[in-house]
Amino acid sequence: MDHQADTNRTDLMTITRFVLNEQSKYPESRGDFTILLSHIVLGCKFVCSAVNKAGLAKLIGLAGETNVQGEEQKKLDVLSNEVFVKALISSGRTCLLVSEEVEEAIFVPSSHRGKYIVVFDPLDGSSNIDCGVSIGTIFGIYMVKNEAEVSLEDALQPGNQMLAAGYCMYGSSCTFVLSTENGVNGFTLDPSLGEFILTHPNIKIPSKGKIYSVNEGNARNWDEPTTKYVQMCKFPQDGSPPKSLRYIGSMVADIHRTLLYGGIFMYPADAKSPNGKLRLLYEVFPMSYLMEQAGGQAFTGKQRALDLIPKKIHERSPVFLGSYDDIEQMKELYAASKEDDA
């Protein structure tokens, strides 16, 4: 890489410019989506700054409350949630918000109401804050069916109705990954400019990967297909080398690696968590959307993840995300398991 040339580059594709270019392809567009996205980006910059200063600002540690999932809230969780709720409402383009940190859906006051619904996890992987592991924000965007009559049902749309999804990873660099139904693109924050610059255009996941990602501590509770798949990863029968295990325990970081390098990320249902552990609306759906847009697949063990219809805003679901061929192999194991049961 020519670092000197890179330093002198002046034709930078910022995320704002990128989204405006996309907007120009739709003459009927009024810029509402662009305004909404700019507020999400601002929220991510704010949280990135807070994460970087967490130790100094004493934001690490517990806030002394528990969220709707019964998990103890970190101070940064509370801050991040407030930042995104305020940013999304002040955009004037949202009508309904669903956050992992808030038990009830948030209905935007009519004076600030728009046509978009945003579901989000303001700070995913927050249990890793204290040890410096990458954490992130996950979000998905839907359109309301009727602006005049916003109801909770509007937030319970299947993932295949999603207009856009993305995540922002706060790690060694701050990376914003976005899809608006037209492929997946990654942007990296340049701190000197305060702008996200396009660094990973048109991300395509390899059709087959060399990595599997799963919490093996749950192995004794797994179902047969998951157990068989992991065994095949470790002891392949076709003469291929075994897959490498990589599990960070921060969904954003694990999915980011899977998108770039290929392989499979698994959070299956098991005897301990029969409905899975990950939240459907703001973890499974956005990541499944990104995975499919990048050429991969998302599978629940029974069906395509994006075809699920949520019944509750904090519903959970199992999920297998990753390279097309690797998910196909997992599907075959589940299909064979059903035949054996029959």
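Heads up: numbering here begins at 1 and tracks the sequence.
- The heavy-atom pair separating Ile35 from Ser38 by the smallest distance is O-OG, 2.6 Å.
- Put simply, CG on Leu96 and CD1 on Ile313 are 8.5 Å apart, with the number rounded to the nearest 0.5 Å.
- In terms of the side-chain contact (heavy atoms from CB on, under 4.5 Å) criterion, residue partners of Ser288 (sequence neighbours excluded) are, by chain and number, Val284, Ala298, Ala305, Leu306, Val319, Leu321.
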Output side-chain donor-acceptor pairs under 3.5 Å for residues 170-182, partner residues at least two apart or in another chain, one line each.
residue	atom	partner	partner atom	Å
Tyr170	OH	Thr137	OG1	2.8
Ser179	OG	Gly183	O	2.8
Asn182	ND2	Glu22	OE1	3.3

Name the atoms and distances for all side-chain donor-acceptor pairs under 3.5 Å in residues 83-92, with sequence neighbours left out.
residue	atom	partner	partner atom	Å
Ser90	OG	Lys86	O	2.9
Ser90	OG	Ala87	O	3.1
Ser91	OG	Leu88	O	2.6
Ser91	OG	Arg93	N	3.2

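- For Ser99 against Pro122, the heavy-atom pair with the smallest separation is OG-CD, 3.7 Å.
- Distance alone, capped at 3.5 Å, places no donor-acceptor pair between the Thr258 side chain and the Gly263 backbone.
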- Message: Checking Ile255 against Leu290 for the side chain to side chain contact (heavy atoms under 4.5 Å, CB included) test, could you report, in this order, the C-alpha distance in whole Å, the side-chain angles of both residues, the deciding distance, and whether it holds?
- Response: CA-CA 10 Å; Ile255 293 298; Leu290 289 166; 5.8 Å; no
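- Other residues, nucleotides and ligands place no more than 12 heavy atoms under 6.0 Å from the NZ atom of Lys210.
- The side-chain contact (heavy atoms from CB on, under 4.5 Å) test with Tyr212 singles out one residue from Cys233, Ser244, Pro242, and that residue is Cys233.
- Residues passing the ring-ring contact (aromatic ring centres under 6.0 Å, His included) test with Phe187, sequence neighbours excluded: Phe18.
- Residue-environment remark: CD (Glu104) stays at or below the threshold of 12 foreign heavy atoms within 6.0 Å.
- For Ser49, the side-chain contact (heavy atoms from CB on, under 4.5 Å) test picks out Lys53, with sequence neighbours left out.
- Looking at residues two or more places apart in sequence or on another chain, you find a salt bridge (charged side-chain N to carboxylate O under 4.0 Å, His left out) between Asp254 and Arg257.
- For Ser323, the side-chain contact (heavy atoms from CB on, under 4.5 Å) test picks out Ile205, Asp326, with sequence neighbours left out.
- The heavy-atom pair separating Ile203 from Leu259 by the smallest distance is CG2-O, 4.1 Å.
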- Query: Please walk me through it: do Cys131 and Asn128 pass side chain to side chain contact (heavy atoms under 4.5 Å, CB included)?
  - Reply: CA-CA 6 Å; Cys131 61; Asn128 292 306; 4.3 Å; yes
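- Side-chain N or O atoms of Arg316 include none that pairs as donor or acceptor with a backbone N or O of Arg279 at under 3.5 Å.
- At least one donor-acceptor pair under 3.5 Å links the side chain of Arg17 to the backbone N or O of Leu12.
- Around atom OH of Tyr247, more than 12 heavy atoms belonging to other residues, nucleotides or ligands sit under 6.0 Å away.
- The stretch residues 298-310 participates, sequence neighbours left out, in these salt bridge (Lys or Arg N to Asp or Glu O under 4.0 Å) pairs: Glu292-Arg304, Arg304-Asp307.
- Around atom CG of Leu20, more than 12 heavy atoms belonging to other residues, nucleotides or ligands sit under 6.0 Å away.
- Neither side chain, Glu195 nor Thr14, offers a donor N or O lying under 3.5 Å from an acceptor on the other.
- Below 30°, between 30° and 60°, or above 60°: for Phe299 and Phe320 the angle between ring planes is between 30° and 60°, a tilted geometry.
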Review item, side-chain donor-acceptor pairs of residues 138-156, under 3.5 Å, at least two apart:
residue	atom	partner	partner atom	Å
Tyr142	OH	Gln157	O	3.4
Asn146	OD1	Ala148	N	3.0
Ser151	OG	Glu153	N	3.3
Asp154	OD1	Lys145	N	3.4
Asp154	OD2	Ser151	N	2.9

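- Here the side chain of Tyr289 pairs a donor or acceptor atom with the backbone of Leu163 at under 3.5 angstrom.
- Closest approach of Pro274 to Ala269, counting heavy atoms only: O-CB, 3.3 Å.
- Sorted by first and then second residue, the side chain to side chain donor-acceptor pair (under 3.5 Å) pairs with a member in residues 226-237 read Glu216-Lys234, Asp223-Thr226, Glu224-Lys228, Thr226-Tyr334; sequence neighbours excluded.
- Residues satisfying the side-chain contact (heavy atoms from CB on, under 4.5 Å) test with Lys272, not counting sequence neighbours, are Asn221, Asp270.
- Between Lys45 and Gly194, the closest heavy-atom pair is NZ-O, 2.7 Å.
- Counting Ile, Leu, Val, Met, Phe, Trp and Tyr side chains that sit under 4.5 Å apart, directly or through other members, Val133 shares a hydrophobic cluster with Ile248.
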